[in-house]
Amino acid sequence: MWIHRLAQTLQQDFLPSHCLICHNSCEPNELLCGGCRHSIRRNPWACLHCGHPGSALTNHCRGNTALDFLQAGLEYSGVTRDLIHRWKFKGAIELTYLLVQLALETTPIKERYHALVPVPMHWRGRWRRGYNQSRLLAQVLGQTGKQQFQCRLAMVDKLRASPRKRAHHHMDRQQRLKSSRGRYTTSASFSGQSVLIIDDVVTTGTTLEAVAETLKRAGAVRIDAWCLARAPEFSGT
């Protein structure tokens, strides 16, 4: 183990850094070169309820939802999609901090919350992947909140998820709605609390809405969500 740490130190100090995406040289201790970082598509004017790009002022979402407010700072495309895929499916959890910082540059957390609630995974899915990526995000955001608000934002990992019969990427929007309804439960009380749900990528928003409904039944009075990225318009809508 100490040999591995020594090798990492020597590489950082004496060997040039290379961009994860294009493999060109970049600044020491940086994971992306300036060109790849600049190519990342941001999502600053998103719909406040579903994260749809460019819809903050158009009343894009007209229905009543359990979710009060949604932030998704990046568009799930290009460099961002590549980074999230490595992080989520290839075990590159060392990218967690970079992804959080990229999203926070566009959508900083400005409010105080009683709890950061990561979207839960069923234990079988968590066992196969080795971790819950939403929980990793909540842990880093908790530390970021400590720096920003001089107090640590508490992660409350008290929700449970039942297993899915099929992966969501095989379903259209209506199937996702049916699959997510009633899937999340909690025995914890969130009475009178303001809560921030943490997730990685928003596609149709059905998962976030199902989690928000669970938290509302548990007594939460304000339920917002913070996500890394919003997928382009879902073809199944």
**Study point:** R86 CZ to L20 CG distance, which is reported to the nearest 0.5 Å
**Key:** 5.5 Å

**Study point:** S17 side chain vs C26 backbone, donor-acceptor pair below 3.5 Å
**Key:** no

Study note, to complete from the structure: CZ (R217) and OG1 (T185) are apart, to the nearest 0.5 Å, by 9.0 Å

Review point. Above 12 or not: heavy atoms from other molecules or residues under 6.0 Å from CD of Q101?
Key: yes

Practice item. Report yes or no: does R126 contribute a side-chain atom to a donor-acceptor pair with the main-chain N or O of M121 at less than 3.5 Å? Key: yes

Check your understanding: Taking C-beta and beyond as the side chain, do I21 and S39 meet within less than 4.5 Å on heavy atoms?
Key -> no

Exercise for review: May I ask you to decide if S162's main-chain N or O and R183's side chain share a donor-acceptor pair within less than 3.5 Å?
Suggested key: yes

Review point. Any side-chain heavy-atom pair from L137 and T96 closer than 4.5 angstrom?
Key: yes

Study note, to complete from the structure: Shortest non-hydrogen pair, C36 vs C19, comes out as SG-SG, 3.7 Å

Study note, to complete from the structure: CD of E75 to CZ of R230, rounded to nearest 0.5 Å, is 9.5 Å

Check your understanding: Do T214 side-chain atoms and Y184 backbone N/O form a donor-acceptor pair below 3.5 Å?
Key -> yes

**Study point:** 4.5 Å side-chain heavy-atom contact, V195 and V156
**Key:** no

Exercise for review: Answer with yes or no whether the hydrophobic clustering places M155 together with Y131; edges join I, L, V, M, F, W, Y residues whose side-chain heavy atoms lie under 4.5 Å apart.
Suggested key: no

Review point. With a cut-off of 6.0 Å (strictly less than), are more than 12 heavy atoms of other residues, nucleotides or ligands near CZ of R222?
Key: yes

Review point. Between E30 and R37, is a side chain to side chain contact (heavy atoms under 4.5 Å, CB included) present by the stated rule, with each step listed?
Key: CA-CA 10 Å; E30 293 290 334; R37 182 180 281 267; 3.7 Å; yes

Review point. For V119, does its backbone N or O pair with a side-chain atom of N132 as donor and acceptor, under 3.5 Å?
Key: yes

Check your understanding: In a check of side chain to side chain donor-acceptor pair (under 3.5 Å) between S134 and each of D199, T207, D200, D157, which one passes?
Key -> D199

Check your understanding: Is the shortest heavy-atom distance from the side chain of V117 to the side chain of T186 under 4.5 Å?
Key -> no

Review point. Is there side-chain contact between T80 and L102, with at least one heavy-atom pair below 4.5 Å?
Key: no

Review point. So do the side chains of Y76 and V202 get within less than 4.5 Å of each other, counting heavy atoms only?
Key: no

Review point. What is the minimum heavy-atom distance between L67 and A225, and which atoms define it?
Key: CD1-CB, 3.9 Å

Check your understanding: Does any N or O in the side chain of W226 come within less than 3.5 Å of the main-chain N or O of L116, such that one atom is a donor and the other an acceptor?
Key -> no

